[in-house]
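Indexing begins at 1, ligand by ligand and atom by atom, following the structure's order.
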Amino acid sequence: MTKEPFTLIGTAFHTPERCRLEVLQDHLFSVDAQGRIAEILAPGRPEYEARANAARQAGTLVLLADGQFLLPGLVDLHIHAPQWPQMGKALDVPLEVWLQKYTFPLEARYADVDYAREVYADLVDNLLANGTTTALYFATVHVDASLALAETCLAKGQRALVGKVAMDDPEQCPPFYRDADATSAVADTRRFIEAVKVLDPQERPLVQPAITPRFIPSCTDAALQGLGELATEFGCHVQTHCSESDWAKQFVEARFGQTDAASLGGFGLLTRHTILAHSNFINEPDMDLIKEKGAGVAHCPLSNVYFANAAFPLRAALDRQMHVGLGTDISGGYSPSLFDGCRHALSTSRTLQSGVHAGLPPEQRGAPGEPITHQEAFWLATAGGAEALDLPTGSFRVGHEFDALLIDTKAKASNIHINAADDTLEDVFQKIVLNAARANIAMVWVRGRMVVG
Ligand code: GUN
Ligand code: FE
């Protein structure tokens, strides 16, 4: 799809590397008809004025106003689209009860494609308004409703990877909500992959399919085997839950005598294009295996507080240069905002081990070595997630696609207050990461197309 090329001038913040904030003050960004960043120029460069004048004359110049800043779009590495209607509800029970009592009955309703279309339209509008330009979605077992989600993302311009959920084990999944058997779980996944490829046949599709065994406890060996073979055949993305809770971890170890990660690897489900949600209880050999395969982890700090009563060992994963990004895990997490995700990742990293602190010196309280910085949190929500998915976005770079947010710190109802005399641009960035809300997101672009604003 080609669009009007345009040129934008303003101050941008991004974290092209994990520990590096780069401030692109008053830079000029040229976005071409394919939505790619064609040029980034600093003020004072010889072509700067000529490009600005040409765009001004063509009527395609976007000038950021005082108090407005550009950020890369946010990447949600783990979200359950059908759980949108129960966001903020039923988080006071353990995972296995939550699944059976609330979540499976809700997801079963998506047999009705009209219901799916209605919920998914509302969900995608809300996520875009919250700045989520890319999402890796779990849908439901239903092929048609899962396709409705892919169609909705494409129509509304959100970059997405969508999975028809596979769950066929009659011991763990209720009769009203499961694949009939392993053969149909695999055949329907194949049908879904092929249909998404027809839906978005572009050379660089905006919407892609993902192979999605819900988690090992919900799948038979035959389904896991068949899905692993599909992953090899199509080379497409894979997503699943990995070692999320004590219960889920123990279930897998009792069944296979090895961890989730090792078991997934054995079925061919651990590839460069696999995203493992949660992974709270992975051990060192698991980390080595995930790193060796090039797979990534969706860190879901908020839902981990509820369902895992634990935290993902983020620092150890980052030290190993594993791919990691952030997931909202709606509705295991109650916030659709990845800015909130950054804040939850920050606070979790500072309080990983609580225990009894009375009398301990400061350096022994909390979780020594674990705290991440706000730059790292933002990297996780942008470039980290994009790199995990192997997508050309997440930071501003020539050749990358222009997925971006215009943050208006002077918006009505803004919680961000900048004092020009006291705040450096680095301070402004920190204030945005810690205080930006939906009200501050004035415009959103995905692949150069304005999708909010
Ligand atoms: N494990 C299996 N299914 C789910 C789910 O829907 N949400 C979460 N958080 N964990 C799961
Ligand atoms: Fe989840």
Side-chain angles (χ1 to χ4, degrees), residues 76-110 119 123 135-142 146 149 161-169 171-174 177-179 185 210 212-220 223-224 227 238-252 255 260-261 263-264 269 274-282 296-312 325-336 338 341 344 385:
D76 192 338
L77 220 45
H78 181 59
I79 171 167
H80 296 266
Q83 295 172 18
W84 179 240
Q86 72 175 8
M87 185 174 67
K89 190 170 114 174
L91 283 178
D92 46 0
V93 293
L95 173 64
E96 57 277 25
V97 176
W98 175 85
L99 284 172
Q100 300 290 342
K101 186 168 168 194
Y102 298 98
T103 302
F104 293 161
L106 171 60
E107 292 193 10
R109 292 179 60 185
Y110 291 75
V119 172
L123 166 72
L136 172 57
Y137 287 111
F138 274 57
T140 58
V141 294
H142 318 99
S146 303
L149 175 58
L161 299 106
V162 179
K164 169 240 164 319
V165 172
M167 45 190 284
D168 69 316
D169 191 333
E171 302 269 306
Q172 294 300 318
C173 310
Y177 188 55
R178 66 171 180 240
D179 294 294
T212 307
R214 183 171 204 120
F215 62 158
I216 288 178
S218 69
C219 296
T220 60
L224 294 166
L227 295 171
V238 176
Q239 59 179 341
T240 190
H241 296 88
C242 173
S243 300
E244 175 181 2
S245 65
D246 290 296
W247 168 77
K249 171 185 185 288
Q250 284 158 12
F251 185 102
V252 174
R255 176 162 149 199
D260 270 66
S263 308
L264 292 166
L269 288 164
T274 296
I275 300 295
L276 303 172
H278 308 284
S279 306
N280 299 308
F281 298 103
I282 56 174
V297 171
H299 175 34
C300 306
L302 179 56
S303 91
N304 290 344
V305 168
Y306 283 93
F307 288 154
N309 217 352
F312 169 64
L326 288 185
T328 58
D329 193 28
I330 286 171
S331 65
Y334 57 72
S335 171
L338 284 159
H344 291 299

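When distances to the Fe ion (ligand 2) are checked against a cut-off of 2.8 Å, His278 contributes no N, O or S atom below that limit. Look at Cys300 and the Fe ion (ligand 2): no N/O/S atom of the residue is under 2.8 Å from the metal. The nearest N, O or S atom of Asp329 is closer to the Fe ion (ligand 2) than 2.8 Å.
Residue contacts with ligand 1 include Trp98, since one or more of its heavy atoms lies under 4.0 Å from the ligand.
Here is the list of ligand 1 atoms found below 4.0 Å of a heavy atom in His80: 5 (C), 6 (O), 7 (N). Of all the atoms in ligand 1, the ones that sit under 4.0 Å from a non-hydrogen atom of His278 are 9 (N). Close approach of ligand 1 to Leu95 is summarised as follows: ligand atoms under 4.0 Å from at least one heavy atom of the residue are 8 (C), 10 (N), 11 (C). Residue Leu99 has at least one heavy-atom neighbour below 4.0 Å for each of these atoms of ligand 1: 2 (C), 3 (N), 4 (C), 5 (C), 6 (O). Heavy-atom contacts of Asp329 reach the following atoms of ligand 1: 8 (C), 9 (N) (cutoff under 4.0 Å).
Taking the six-membered ring where the residue is Trp, His344 and Tyr334 present perpendicular rings, their angle passing 60° and hence far from 30°. The aromatic rings of His78 and His80 sit perpendicular, their planes meeting at an angle over 60°, well past the 30° parallel limit. By the 30° and 60° cut-offs, the orientation of the rings of Tyr177 relative to His142 is tilted. Aromatic ring orientation, Phe312 versus His299: tilted (interplanar angle from 30° to 60°).
Of all protein heavy atoms, the one lying nearest to atom 10 (N) of ligand 1 is Glu244 OE1, 2.6 Å. From the protein, the heavy atom lying nearest to atom 6 (O) of ligand 1 is Arg214 NH2, 2.7 Å.
For the residues Phe307, Phe104, Trp247, Phe215, the heavy atom positioned nearest atom 2 (C) of ligand 1 is part of Phe215.
The side-chain heavy atoms of Leu264 and Ile216, taken from C-beta on, include a pair separated by under 4.5 Å. Side chains of Pro301 and Leu326 form a contact here, defined as non-hydrogen atoms less than 4.5 Å apart. Using a 4.5 Å heavy-atom cutoff, the side chains of Val165 and Thr140 are not in contact.
Residues Thr103 and Gln86 bring a donor and an acceptor atom of their side chains to less than 3.5 Å of each other.
Considering just the N/O/S atoms of His78, the one nearest the Fe ion (ligand 2) carries the name NE2. Between the Fe ion (ligand 2) and the N, O or S atoms of His241, the shortest distance is to NE2.
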Between Phe138 and His241, is the ring-ring contact (aromatic ring centres under 6.0 Å, His included) condition met? List the steps.
CA-CA 10 Å; Phe138 274 57; His241 296 88; 4.9 Å; yes
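Taking any N or O of Gln83, backbone or side chain, at least one lies under 3.5 Å from an N or O belonging to ligand 1.
Distance alone, capped at 3.5 Å, is enough to place a donor-acceptor pair between the Gln239 side chain and the Tyr137 backbone.
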